[in-house]
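For the numbers below, each heavy atom of this structure counts, side chains included, while hydrogens, waters and symmetry mates do not. Labels below follow one simple rule: chain letters A, B, ... track the order of the sequence lines, proteins then strands, and each chain is numbered from 1.
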Number of protein chains: 2
Amino acid sequence: MERRASRPRIADVARVAGVSKTAVSFAFNSPERLSLETADRIREVAESLGYRPHPVARMLTQRRTMALGVLTPQALSVIFSNPFFALFNEGIARAAEEHGYELHFISPIHGSLVTAIGRATVDGVVAIGVSAEHPEVGQVRGAGLPLVLVDSEDPPELGSVVVDDEGGARAAAAHLIELGHRDILVLAVEAPQAVGDASADAPLGPRAEAAVTVRRLRGYEQAFESAGLALDPAWVVAGRASIDGGAAAFQRAWAMDLRPTAVLAMGDAMALGAIRAARDLGLRVPNDLSVVGFDDIDLASHVDPALTTVHQPIRQKGFEAVRLLLAEVEQPASPVQHLRLETRLIVRGSTAPPHGRGEVPGTQQ
Amino acid sequence: MERRASRPRIADVARVAGVSKTAVSFAFNSPERLSLETADRIREVAESLGYRPHPVARMLTQRRTMALGVLTPQALSVIFSNPFFALFNEGIARAAEEHGYELHFISPIHGSLVTAIGRATVDGVVAIGVSAEHPEVGQVRGAGLPLVLVDSEDPPELGSVVVDDEGGARAAAAHLIELGHRDILVLAVEAPQAVGDASADAPLGPRAEAAVTVRRLRGYEQAFESAGLALDPAWVVAGRASIDGGAAAFQRAWAMDLRPTAVLAMGDAMALGAIRAARDLGLRVPNDLSVVGFDDIDLASHVDPALTTVHQPIRQKGFEAVRLLLAEVEQPASPVQHLRLETRLIVRGSTAPPHGRGEVPGTQQ
DNA sequence: GTGAAAGCGCTAACAG
DNA sequence: CTGTTAGCGCTTTCAC
């Protein structure tokens, strides 16, 4: 009856090798505290038994998991289908694996982020799309976990990584204005209705994404003001941050009899959607309609015409967030850090002067 | 000194509420075993203290983690930058969240998949790009974890989800042959050099991806044979499964004086790379060169010309893999299941008869 | 309805 | 160099 289907425990190894559990533990964790031969013999026995220290038990005693959490209010499946997250995750992943940490994605479970956080076994978390006003932030901190915010600086005592949304937006709007556009439609990101079923938590309220929207909108406004113009609120329509969302928003604007010569979209996906919708209406881009996106996802440079957009270093955002987080995780005494990364306008083929007057910028006024 | 910075434990709640630890546990896990008022009071105290059951301790006693692992030999960062995985992960994620499980990505840590698996705290794993000959498979099974293989049926006693690679490849090749092509270049996927540093494990050998390659190649051959032709091994060149890899492979073939009128690429990314390389050489697609991909990633239908390719249900593959896995996880007695999904050729704009004779298929013979 | 006590599997003082 | 022992924080029989 010595054979057992279940996983061998440390005691089994100790018994077979004729040593104490301590010795076995040392053989794995501090071999230098054992004679070479003892350590070798123990490892052989362990090997032959197929023994591996149980990771959960190990976490419990070591009080660390060697895993980092990526917290998002979005459903897991959108995290993986969204090109923005593809880049962000890539950056996160690169930093995590460089330091030997695993990655756990913390997304609503049965609609509840609170339960998801409650279950997370991580040493620290990077949160994106979340800020001060969210109960989740308090929960993570209450759990004693280091937390770094991305795209929000709100509880200032937390580490953060943000980009210059305002400056990027300003540059985008200024570009259009310089080209001579005056009838500019703004496609804003509406707060996504979080997965939420009718479960206990999730009084989601204004998400941090709203903060990004506000910053970008402010940038647009500043550019208008600098040019002595004003951004008419009626020309700001909100939609979901996706291709379909952008298309729908553009159509809605059109149905409201807005006839823009240019579009400022707060995301590339929305920009692409607007282009699609405009084409369906018979408009040519950029001749009849100029479109500027935001983010500079991979696709932006591959579509035709290539999308003029505001580049933000998404990968780097993820990478730096993990770097800041690990500093806190590994030296709990270290001060929290704040990072602000640059954005820059990339002019490609989707923008031109209004009225199809070719590629040469000229003031139509 | 009652205030403590660290996380409150169950004993703290018990003490403050004036009950035993058991009662506190019951208040959370089996409230029906407590009087309503006791349970409520305990929960209030817990709330006020900010108490949350420690997830690791919980895992240890419950002997389940409510998390599933996704095992891949690729580095974490490639998992997120690769469009194939984007789709696969989406399917995985959808199924996992539907059942309330978290997802952990198990990728080499410091180059070692073995340590990564050793650390994984999951109730089961879906492995892709791995099969019988890999030590990792044995390790996972040794840990007593249910395991479902994707793209391999090799240890037949394991659950599996595969697609009809052979049939898809056959259809792709047949399509080209019917169009009249005879000089067909095959772009095969070469085994990726796993991340591996010089660390202990990773005698990686032929990866399961090799199996996919073999199946697709066999499909191509069958189509050739059915047409009374033969696939010349000299016309099969291998490259990395990426855009750059495809471009490089095509250039290499060109440098070896191969002058194909068509390309069969084992992945869409490679196909796209081949198109790029061909264009750089002054060839027009599909007039001078027809290209067929494999997989049908999102991008395939968005490029110009849209890519003719073999569609495989990548999302579904992920979704089903988790479904099969959960069946095993939740009813350990249940039999392992095997699933084979269909593929189908999707003809778009990147294929035409050879010699630029327009879009109408005609036998050039 | 409530609590005492025995683990879950491992680590790490502390002795010897 | 090796073993004893006491936890890590929670769950869960089993008595009361």
Side-chain angles (χ1 to χ4, degrees), chain A residues 4 6-43 45-46 49-66 115 118-123 142-145, chain B residues 4 6-43 45-46 49-66 115 118-123 142-145:
Chain A
R4 30 168 63 245
S6 71
R7 176 173 190 137
R9 299 184 291 280
I10 195 171
D12 298 319
V13 180
R15 184 163 29 71
V16 175
V19 296
S20 72
K21 295 193 299 175
T22 315
V24 179
S25 178
F26 282 164
F28 281 85
N29 305 309
S30 343
E32 69 280 5
R33 299 189 54 178
L34 256 38
S35 73
L36 190 63
E37 53 187 68
T38 321
D40 274 351
R41 188 164 45 81
I42 292 176
R43 272 192 293 249
V45 172
L49 257 41
Y51 169 78
R52 294 259 139 206
H54 188 122
V56 174
R58 217 181 148 116
M59 282 180 181
L60 189 61
T61 55
Q62 294 193 153
R63 326 185 100 258
R64 61 189 315 206
T65 65
M66 291 305 284
T115 51
R119 284 199 195 159
T121 53
V122 297
D123 295 332
L145 292 175
Chain B
R4 30 168 62 243
S6 71
R7 174 172 191 138
R9 298 184 292 281
I10 195 171
D12 299 318
V13 181
R15 185 163 30 68
V16 175
V19 295
S20 73
K21 295 194 299 176
T22 314
V24 179
S25 178
F26 282 165
F28 281 85
N29 305 308
S30 343
E32 69 280 5
R33 299 189 53 176
L34 255 38
S35 72
L36 190 63
E37 54 187 67
T38 321
D40 273 352
R41 186 164 45 80
I42 292 176
R43 271 192 294 249
V45 172
L49 257 41
Y51 169 78
R52 293 259 140 208
H54 188 124
V56 174
R58 219 183 148 120
M59 281 179 182
L60 188 62
T61 54
Q62 293 193 153
R63 324 182 101 256
R64 62 188 316 205
T65 64
M66 290 305 286
T115 48
R119 284 198 195 159
T121 53
V122 296
D123 295 332
L145 292 176

Above 12 or not: heavy atoms from other molecules or residues under 6.0 Å from CD of B/Glu32?
yes
Less than 3.5 Å apart, which donor and acceptor atoms pair up between the side chains of residues 16-23 of chain A and the rest of the protein, not counting sequence neighbours?
residue	atom	partner	partner atom	Å
A/Ser20	OG	A/Thr22	N	3.3
A/Ser20	OG	A/Ala23	N	3.2

Would B/Arg52 and B/His54 satisfy side chain to side chain contact (heavy atoms under 4.5 Å, CB included), going step by step from the backbone distance to the final call?
CA-CA 6 Å; B/Arg52 293 259 140 208; B/His54 188 124; over 6 Å; no
Boundaries of the chain A footprint along DNA chain C (any atom under 4.0 Å from a heavy atom)
C/dG9 to C/dC14
Enter the distance from A/Arg119:CZ to B/Arg58:CZ here, rounded to the nearest 0.5 Å.
8.0 Å
Gap between atom OG1 of B/Thr38 and atom CZ of B/Phe26 - 0.5 Å precision:
12.5 Å
For B/Arg52, answer base if it contacts any base atom (sugar-phosphate contacts may also be present), sugar-phosphate if it contacts only those atoms, and nothing otherwise; contact means non-hydrogen atoms under 4.0 Å.
sugar-phosphate
Reckon A/Ser20 has a side-chain N or O less than 4.0 Å from the OP1 or OP2 of D/dG3?
yes
Counting the atoms with a prime plus P, OP1 and OP2 as sugar-phosphate, which does B/Val24 contact under 4.0 Å by heavy atoms, base, sugar-phosphate, or nothing?
nothing
I need the CZ-C1' distance between A/Arg33 and D/dT2, as an integer number of Å.
9 Å
Just report the end-to-end axis angle for the helix from C/dG1-D/dC16 to C/dG16-D/dC1, five pairs per end, to 10 degrees.
40°
Send over the distance from A/Asp40 CG to D/dC1 P, rounded to a whole Å.
14 Å
Figure out the CD1/C1' separation between A/Ile10 and D/dT5, and round it to whole Å.
14 Å
With respect to the phosphate group of D/dT4, does any side-chain polar atom (N or O) of A/Thr22 fall under 4.0 Å of OP1 or OP2?
no
Could you tell me whether B/Leu60 contacts a base, only the sugar-phosphate backbone, or nothing, with contacts defined as non-hydrogen atoms closer than 4.0 Å?
base
Taking the side chain from B/Arg43 and the backbone from B/Ala27, do they hold a donor-acceptor pair closer than 3.5 Å?
yes
For the pair made of CZ in B/Arg63 and P in D/dT12, what is the distance, rounded to whole Å?
11 Å
Just the rounded figure in Å: distance from P of D/dT11 to NE2 of B/His54.
11 Å
Do A/Asp12 side-chain atoms and A/Arg9 backbone N/O form a donor-acceptor pair below 3.5 Å?
yes
What nucleotide, of D/dG9, D/dT11, D/dT2, holds the atom closest to the side chain of B/Arg9?
D/dG9
To the nearest angstrom, how far is B/Lys21 atom NZ from D/dG9 atom P?
10 Å
N/O (side chain, B/Ser25) to phosphate O (OP1/OP2, D/dT11) under 4.0 Å:
yes
Side-chain donor or acceptor of B/Asp123 paired with backbone N/O of B/Thr65 under 3.5 Å
yes
Starting at CZ of B/Phe28 and ending at C1' of D/dG9, how long is that distance when rounded to a whole Å?
13 Å
Is any side-chain heavy atom of A/Phe28 closer than 4.5 Å to a side-chain heavy atom of A/Pro53?
yes
Please classify the nucleic acid contact of B/Val56 as base, sugar-phosphate, or nothing, using heavy-atom distances under 4.0 Å.
nothing
Return the 5'-most residue of the pair B/Thr38, B/Ala57 with respect to DNA chain C, ranking by each residue's nearest nucleotide.
B/Thr38
For the atom pair OG1 (A/Thr121) and CG (A/Leu60), what is the distance rounded to the nearest 0.5 Å?
11.5 Å
Atom-pair distance (CZ on B/Arg58; C1' on D/dC8), nearest Å:
17 Å
